[in-house]
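Data first, discussion second: the structure below is written as structure tokens.
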Amino acid sequence: MEGLVKMVTEMGLPFAYDHFAEGESPEPPFLCYLIPGSDNFAADGKVYHKGANVHVEIYTDKKDPELEQRVEDVLDAQEVFYNKSETWISSERLYEVLYIFGWEA
């Protein structure tokens with residue numbers, strides 16, 4: 001997953017795997033990434049090629065299309081096919097922009 005961490009670093013935001021520890025979350029914008037499951041390819045009843053499902057979550061206190069474009073530019077440069085969604089988290093008063101994609105393990 002070294003390549004994944006390198007790519008996330010290129011996005012230029014403070015980041016953590018899954019979440020920041022209580023009280024250690026930076027001011028927005030920031031990023032969390034996680035690998036909630038596998039995306040393996042099977043052949044002959046075995047795992048032939050290992051892959052991972054990746055979530056990259058961008059948190060901002062206001063809509064920031066320029067930041068989203070910067071993140072997407074990094075994904076595009078790595079030729080990552082992604083899907084994107086967005087939600088307002090009222091309890092946190094933050095927008096979450098979620099990118100979901102597969103990554104070769």
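Source: prediction; values computed, not measured.
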Study note, to complete from the structure: Sorted by chain and number, sequence neighbours left out, side-chain hydrogen bond (donor to acceptor under 3.5 Å, both in side chains) with Q69 holds for D73
Study note, to complete from the structure: Hits for side chain to side chain contact (heavy atoms under 4.5 Å, CB included) against E96, two or more places apart or cross-chain, chain-then-number order -> E57, Y59, T87, I89, L98
Practice item. Check whether any side-chain heavy atom of V56 lies under 4.5 Å from a side-chain heavy atom of F101, and answer yes or no. Key: yes
Exercise for review: Search all heavy atoms of P29 against all heavy atoms of T60 and return the closest pair with its distance.
Suggested key: CB-CG2, 3.7 Å
Check your understanding: Between L75 and L4, is there a shared hydrophobic cluster once you connect ILVMFWY residues whose side-chain heavy atoms come closer than 4.5 Å?
Key -> yes
Practice item. Tell me, please, which residues at least two apart from E72 pass salt bridge (Lys or Arg N to Asp or Glu O under 4.0 Å). Key: K84
Practice item. Indicate, with yes or no, if F30 and L34 share a hydrophobic cluster defined by side-chain heavy-atom contacts under 4.5 Å among Ile, Leu, Val, Met, Phe, Trp and Tyr. Key: no
Identify all side-chain donor-acceptor contacts of residues 7-22 below 3.5 Å with residues at least two apart in sequence or on another chain.
residue: T9; atom: OG1; partner: V5; partner atom: O; Å: 2.8
residue: Y17; atom: OH; partner: I35; partner atom: N; Å: 3.0

Exercise for review: Would you indicate whether E86, at its atom CD, is surrounded by more than 12 heavy atoms from other residues, nucleotides or ligands within a distance under 6.0 Å?
Suggested key: yes
Exercise for review: Might you work through the side-chain contact (heavy atoms from CB on, under 4.5 Å) test for I100 and Y82, ending with a clear yes or no?
Suggested key: CA-CA 5 Å; I100 299 175; Y82 57 87; over 6 Å; no
Check your understanding: Any idea which heavy atoms bring P36 and N53 closest together, and the distance?
Key -> CD-O, 3.3 Å
Review point. By side chain to side chain contact (heavy atoms under 4.5 Å, CB included), which residues pair with P65, not counting sequence neighbours?
Key: K63
Revision key, fill the gap. Tracing side-chain contacts under 4.5 Å among Ile, Leu, Val, Met, Phe, Trp and Tyr outward from W88 reaches Y95
Review point. In the hydrophobic cluster built from side-chain contacts under 4.5 Å, what are the other members alongside F81?
Key: none
Review point. Is there side-chain contact between L67 and I58, with heavy atoms separated by less than 4.5 Å?
Key: yes
Check your understanding: Who else is in the cluster with V47 when I, L, V, M, F, W and Y are joined by side-chain contacts under 4.5 Å?
Key -> none
**Study point:** From D39 atom CG to E104 atom CD, the distance as rounded to the nearest 0.5 Å
**Key:** 10.0 Å
